[in-house]
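Contents: one structure, followed by commentary.
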Amino acid sequence: MSDTATPSAPNVLVASMAERKTARRERWHLLRKRPGFIIGVFICGFWTVCAVLGDRITPYDPFTDRDGLSCGRAPCPPSSAHWFGTDKIGRDILSRVMMGARDLLMVAPVAAVLSVIFGTILGMVMGYYRGLVDNVLSRIVEAFLALPVVMVGLFILTLSKDSAVLDAISFGSRNVIIIYVVALLFTPIVARTVRSTVLGERDLDYVVSARLRGESSLFIMTREILPNITAPIIVELTVRIGYSIFTVATLSLLGVGLQRPSPDWGLAIAEGRDLLPADQWWPVTFPALAIATLVVGVNLIADSIQAVYER
Amino acid sequence: MWRYVVKRVLFSLVTLWLLATIVFLMTWFLPSDSARLILGAQAPEASVAEFRIRNGLNDSFLTQYFRLMKGLITFDFGQSWKYPQYEVWEYLRTPLAKTAKIAVLALIITTPISIGAGLIAAKFRDRKTDRAIVLFGLAASSIPEFVTCALLMVGLGLKLGWLEPVYSTEAEKLSLFGQLRFLLIPALALALAYFGYIARMMRAGTIQALDSDYVRTASMKGLSGSQVMRSHVLRNAIAPTITVMSVQVGYLISGILGVEYIYNYPGFSRVLLDAATDGDLPVLQVAVLISALIYMVATLFADLFIAWLNPRARLELGSS
């Protein structure tokens with residue numbers, strides 16, 4: 001296909017690439033000046049460090065240390081030895097909260113990325129071809145949009161407990177199944193956004209001229225349209241990561257997401273809930289604050305990126 | 001206008017049919033042994049086989065599919081598998097009403113406050129009040145409802161002692177007013193999340209309206225500030241808010257599930273969880289379809305309400 005391009009095409013390409021580069025640098029400059037973005041990066045950075053280093057930086061072993069009985073009987077309230085107290089079998093809550101970032105930060109962003117990849121492909125096909133393909137797919141997408149994500153996640157995750165097929169494609173890991181489910185449920189949402197963006201692009205001059213040049217549909221979609229719709233896709237990705245964390249945390253709370261002995265925050269909140277009537281507030285409060293800070297951090301970043309890109 | 005309504009309803013029916021098909025396919029392909037789950041691991045093989053025959057689990061793909069479709073049309077989904085003494089709908093009705101109670105309470109609390117906050121933020125755009133409302137809204141809507149609920153349970157329930165930290169069946173003996181002590185924490189958790197959505201959308205809609213030509217014209221022709229606000233700004237600013245709210249219904253239902261669970265509230269989430277762990281497929285299918293139906297009704301009403309508010313939208317809808 002490149003041999004049919006006019007001689008001046010490379011120059012145009014270079015010019016537009018340089019333009020894109022300046023635009024990118026400009027946006028980055030604007031982003032760095034937003035306090036919300038800085039705070040968000042700081043918060044997410046903190047939890048990422050916790051997730052990556054895990055038990056190498058926690059004060060106690062999050063799984064096996066069960067000697068947190070400084071008060072005689074677990075759970076112990078916060079003290080100088082255990083800043084966040086210990087849980088009902090004497091494990092240090094600070095260590096578990098730090099470690100709890102790991103599974104969530106592995107599962108949720110991967111699910112979001114997958115949904116954005118599939119959603120982009122689907123949305124481009126729908127928006128570019130229009131017609132019957134678009135009509136049929138749009139109805140299916142709409143149907144999916146009506147399904148509450150957590151409810152369907154619950155539905156699939158409980159019923160798929162012993163599926164040989166799922167076990168095979170998920171390498172026997174529960175976390176991978178969660179990634180698939182969340183990605184599947186988010187894909188239609190992304191597809192709808194991408195579709196409407198492509199609809200706005202497909203009749204612009206550059207697409208029309210590419211079509212006149214005789215480029216293949218695949219080339220036009222991936223090399224012409226895609227570079228021009230990266231902004232809404234990036235915005236969608238950051239927003240999706242936020243929702244993905246929400247979904248995974250809720251599924252874990254309900255007992256169908258991440259499983260014990262993962263120190264996941266949603267799980268920890270569910271376990272600590274039963275201790276509340278006995279005035280033992282710390283097993284719930286600290287994991288809850290952890291989720292709250294992480295999602296606020298992610299949303300601060302998402303919000304700043306949205307503001308800069310949609311300026 | 002009527003043509004539009006009819007068209008919308010017909011489209012919704014197609015969506016509903018597709019949904020039922022998706023839900024059916026999911027149950028068909030997921031390998032859960034409902035008979036075993038419901039009767040227990042100890043049950044003799046004979047009664048498990050009898051259960052399968054009685055509930056049509058051995059029927060072919062198409063027979064089972066058409067049974068669900070027939071149920072959808074006649075609105076008769078048969079009995080719960082786990083509790084055969086109940087019709088599915090009967091079984092779901094009470095918990096659904098309980099869930100509606102906290103959802104409605106949350107909306108009563110949040111709607112006036114968040115619309116007001118959105119208007120105030122727009123009026124003081126880019127000043128401290130605005131920044132505070134926007135930031136608070138962002139936090140309120142991004143923190144999962146169950147997390148807010150957990151923190152409220154600790155704060156308002158345990159530390160301050162104003163409300164009940166966890167639900168107990170004691171509440172059922174009380175009058176509706178007396179129950180408030182048991183309903184306010186989950187309702188507040190939901191209200192906070194709704195606040196984030198409504199206030200931020202309301203702010204954006206108001207700013208757009210305030211910048212528009214028709215508002216400038218209205219104030220130049222001598223209408224007072226409050227008159228312009230009421231009959232020009234509010235009317236236009238509320239439309240995007242309503243659209244966003246209706247599209248977010250799915251997330252709001254997801255949020256309610258978490259809140260009910262953490263507060264130990266015997267609503268929709270409990271039946272849903274029980275039905276999922278038991279493999280009580282009729283209950284599960286209908287529960288998912290009901291929540292999808294709520295979403296579709298909400299988006300339909302939102303569109304109609306916007307058309308009623310705004311003659312221009314009515315025209316666009318009529319022509320499309």
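All values below come from the heavy atoms of this structure, side chains included, with hydrogens, waters and symmetry mates left out. All chains are named by letter (A, B, ...) in the order of the sequence lines, taking the proteins before the strands, and each is independently numbered beginning at 1.
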Let me confirm one number: the [atom1]-[atom2] distance from [X] to [Y], rounded to the nearest 0.5 Å.
X: B:L16; Y: A:E142; atom1: CG; atom2: CD; value: 12.5 Å
X: A:D303; Y: B:R200; atom1: CG; atom2: CZ; value: 5.5 Å
X: A:L147; Y: B:I253; atom1: CG; atom2: CD1; value: 10.0 Å
X: A:T158; Y: B:L273; atom1: OG1; atom2: CG; value: 8.0 Å

Check whether more than 12 heavy atoms from other residues, nucleotides or ligands sit under 6.0 Å from atom CD of B:Q64, and answer yes or no. yes
Most chain B-contacting option - heavy-atom pairs closer than 4.5 Å, from [options]:
options: A:D274, A:L154, A:T293; answer: A:L154
options: A:L145, A:N299, A:T250, A:L253; answer: A:L253
options: A:P277, A:A249, A:A270; answer: A:A249
options: A:I140, A:V295, A:V149, A:L294; answer: A:V295

Residue-level interface, residues 131-139 of chain B with chain A, non-hydrogen cut-off under 4.5 Å: B:L135, B:L138, B:A139
If contact means a heavy atom pair closer than 4.5 Å, which residues of residues 157-166 of chain B contact chain A? B:L158, B:K159, B:V166
Heavy-atom contact with chain A under 4.5 Å, split by part of [X]:
X: B:V249; result: neither
X: B:L19; result: both
X: B:L281; result: side chain
X: B:A275; result: neither

Is [X] in contact with chain B via its backbone, its side chain, both, or neither, using a 4.5 Å heavy-atom distance?
X: A:L251; result: neither
X: A:I189; result: side chain
X: A:V284; result: side chain

Close side-chain approach of [X] and [Y], heavy atoms under 4.5 Å:
X: B:S142; Y: A:F246; result: no
X: A:T247; Y: B:S254; result: no
X: B:M26; Y: A:V152; result: yes
X: A:M151; Y: B:L257; result: yes
X: A:I291; Y: B:I143; result: no
X: B:F11; Y: A:R139; result: yes
X: B:L18; Y: A:F144; result: no
X: B:V147; Y: A:W265; result: no

Most chain A-contacting option - heavy-atom pairs closer than 4.5 Å, from B:V154, B:L289, B:L252: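 Ranked by heavy-atom pairs under 4.5 Å with chain A, first place is B:V154.
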For each of B:I262, B:V288, B:T299, tally heavy-atom pairs with chain A at distances under 4.5 Å, and name the one with the top tally. B:I262
Here's one to test your reading of the geometry: is the NZ or CZ of A:R273 within 45 degrees of the ring axis of B:Y261 and under 6.0 Å from its centre? yes
One pair to check against side-chain contact (heavy atoms from CB on, under 4.5 Å): B:T27 and A:F155. What are the steps and the verdict? CA-CA 9 Å; B:T27 37; A:F155 190 107; 3.3 Å; yes
Closest approach of A:A143 and B:T15, non-hydrogen atoms and distance?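 For A:A143 versus B:T15, the nearest heavy atoms are CA-CG2, 3.5 Å.
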